[in-house]
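Values reported hereafter were calculated over all heavy atoms of this structure, with side chains retained and with hydrogens, waters and symmetry mates removed.
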Amino acid sequence: MMNIKEFLNTQVLDVIKALGYEVKDALVSRSNRPELSDYQSNVAMPLAKVAHKSPREIAAHIAAELEKKDFISKVSVDGPGFINFRLSPSLWDKAFMDIFVQGDEFGSSDIGKGEKINVEFLSANPTGPLHVGHSRGAIFGDAVARLLSKVGYDVTKEYYVNDFGKQVDVLAESVYWRYEELFGHHVGEKIPEGRYPGDYVIPVAQSIKDLDGDKWLNRTDWLEYFKTKSIEQMLKLIQADAAKLGIQFDVFTSEKALVEAGAVDKTVQQMQDMNLLYRGVLPKPKGEETEDWAPVEQTLFRAKDFGDDGDRVILRSDGTKTYFTSDIAYHVDKFNRGFHQMIDIFGADHGGYVKRLKAAIKALTNAQASLDIALCQVVSLQKDGKPFRMSKRAGNFVLVDDILDEIDADAFRLFMLTKSADSQMSFDLAKTKEQSKDNPVFYIQYALARTYSVLNTYEKMFGTLPAQKDLNVNYAESSEAEHVLIQKMLDLSHVIEVAAQNKAPHLLAGYLYEIAGVFHSLWTQGAKSGHRFVDVEDIVQTNKNLTLILALQQVLKNGLNTLGINPKTKMERVEETD
RNA sequence: GUUCUCGUAGCUCAGUAGGAUAGAGCAACAGUUUCCUAAACUGUGGGUCGUGGGUUCGAUUCCCGCCGAGAACACCA
């Protein structure tokens, strides 16, 4: 069974064409007036102009033809010329059973056609554990990757390890200082300014001590070794933190390795050969009054020719490469690994970097690669309603670990996914627990838990779950409220498609919330009228109900999995305080 | 100053191929437990969709100006 909307669209399009009208799209969509229709088409309005007839006249014309179709049970023309139609119950039944046929795959599609796509996200500097500031982009990137894979892309989740810059030296120096400390040095001293004061470097020092003893004391050649060891362990730390948030990566690419393999030099050479570089002086930046600015000649990339606002430094005046240079090489590397489609997830604070990177990739791949950069707004932190700033110097980083002590990982994850990535959001650290209680994840999980609860009851009464052959919703004999639920369930694949295409996991989150609400409402209605889902007196009705329950369970599970949230089979009772 | 993102209920946010009467949650108020889990449900109040133009049959949605919020702007990553 195909996507209902697609099916209707082509069917209506055929009718329109048969009537002699010229259109590309039948403009069929889910109805936003459920009391009038299941689906609607707006096609008569734009047609009116070209056909020189009134929209209602055209709509009536089309409606008359549609009425003959067996998959449509009722058509009407309303308002200025909307064509409203209800689908035949048999079509709903057929479409519905697809949920069971597809099972865990329900909601999937193949708009990605199995094409390779690389999603790079998080890519935090390997100098410490993850803090809250990293979490939004990390969770967002992971959810986008899951969405893309659900719609049929061959997704690789990648982490770019910035293990080449100065910050890694600082890390190694910090570890070395702690290493010396473990041998009784620096008694009574505080770790010097400019090094990382965090406790997380101590275990790294300890592990080196355990492995090598005092062999690195009083030597000058420790730096490279300490760098390697530190990065290794920091990455482990980061991976562990990410895993707690439900994130795993497929590939880690090291900047250092790229540099050492000569990939960056090669890219510079390639740019040189393509005449993309020149020696020049950049104009003084406007706005901010930079005092230490001096006109220097550098090797620049003609980024402006490829859509950027200005040209960019590739080799500094002293001949060294910038971060941008190796990042270009990195993206070329991805391209060479066969990824012609790439998505980068950046924090909005890197927004100024987007144009130059796109320009570079466009220039170097002759526009063969599509690089899509999704910006994720930075989370502004608050504590008791007042802005809270994290700073290295103050050492007041709020770690992902700290947050997860206060709040369930799934709740945190969904909190980050219910808002669109480009909304600015604030996160109140003091209210974390409070917010946790109101988290929509519980609303959704509770709906799922209720479905399991019904199954348990059924099993208790009948000793087994209903057989596949007894599953049937019988749309024709279902109530209004059930129709709403059934229709909504069948929207899943469409919602996932739109969410994937727009890189907007919050659309799926919102959908799951809505569908949970429809179910909760249905539940209470039944409780009030005495219509329980499981009724020993009425096996036929019970099997019908169970069909609905099983389908809903599948939909919620598939949706939650796509967001990377663990579906729960039951809720822990929350203990009443006060 | 330039570029990017945002501005929807008191608060937090949905509304994404332009459609008919703009929606949730929280907060306020009034109700619903002999029952498959009340972390739930039902109802009430609350809006010039920042603002002024434009495009069109039709704009919260697309385009431009203005106001307001956030971020970025050579030689950091």
Heavy-atom protein contacts under 4.0 Å, nucleotides 9-19 of chain B, coded B base, S sugar-phosphate only, - none:
---SSSSBB-B
So which protein nitrogen or oxygen atoms get under 3.5 Å of nucleotides 44-47 of chain B's nitrogens or oxygens?
none

Of all the nucleotides listed ([options]), which has the minimum atom distance to the side chain of [X]?
X         : options                : value
Lys49(A)  : C36(B), U56(B), A24(B) : U56(B)
Ser521(A) : A20(B), C4(B), C41(B)  : C41(B)
Arg532(A) : U5(B), C36(B), A77(B)  : C36(B)

Residues in side-chain contact (heavy atoms from CB on, under 4.5 Å) with Asn32(A), at least two apart?
Gln40(A)
Name all residues meeting the side-chain contact (heavy atoms from CB on, under 4.5 Å) criterion together with Glu173(A); count only those two or more places apart in sequence or in a different chain, and write none if there are none.
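Counting only residues at least two positions away or on another chain, Glu173(A) forms a side-chain contact (heavy atoms from CB on, under 4.5 Å) with Asp169(A), Arg195(A), Trp222(A).
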Which residues share a salt bridge (Lys or Arg N to Asp or Glu O under 4.0 Å) with Asp25(A), sequence neighbours left out
none
Mind checking what makes salt bridge (Lys or Arg N to Asp or Glu O under 4.0 Å) contact with Asp372(A), not counting sequence neighbours?
Lys503(A)
Taking only residues two or more places apart in sequence or in another chain, which ones pass side chain to side chain donor-acceptor pair (under 3.5 Å) with Thr325(A)?
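If we apply the side chain to side chain donor-acceptor pair (under 3.5 Å) test to Thr325(A), skipping adjacent residues, the hits are Thr322(A).
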For Glu297(A), enumerate each residue passing the side chain to side chain donor-acceptor pair (under 3.5 Å) test, keeping only those at least two apart in sequence or located in another chain.
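Per chain and number, Glu297(A) pairs via side chain to side chain donor-acceptor pair (under 3.5 Å) with Arg279(A).
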Going by ring-ring contact (aromatic ring centres under 6.0 Å, His included), name the residues that satisfy it together with Phe252(A), two or more places apart in sequence or in a different chain.
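Listed in chain order: Tyr159(A), Phe249(A).
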Can you name the ring-ring contact (aromatic ring centres under 6.0 Å, His included) partners of Phe442(A), sequence neighbours left out?
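Once residues adjacent in sequence are excluded, Phe442(A) has no partner under the ring-ring contact (aromatic ring centres under 6.0 Å, His included) criterion.
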Range-with-range stems of RNA chain B (Watson-Crick or G-U pairs under 3.5 Å, three or more in a row):
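So the stems come out as B:1-7 with B:67-73, B:10-13 with B:23-26, B:28-32 with B:40-44, B:50-54 with B:62-66.
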If the threshold is 4.0 Å, N to carboxylate O, is there a salt bridge linking Asp78(A) and Arg56(A)?
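Salt bridge between Asp78(A) and Arg56(A), a charged N being under 4.0 Å from a carboxylate O: no.
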Can Glu497(A) and Lys150(A) be counted as an ion pair, charged N to O under 4.0 angstrom?
no
May I ask you to say what Phe164(A) touches in the nucleic acid, namely base, sugar-phosphate or nothing, with a heavy-atom cut-off under 4.0 Å?
nothing
Taking atom C1' in both C64(B) and A28(B), what distance in whole Å separates the two?
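So the two C1' atoms sit 42 Å from each other.
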Atom pairs under 3.5 Å, N or O on each side, protein against nucleotides 26-34 of chain B: can you list them with distances?
none

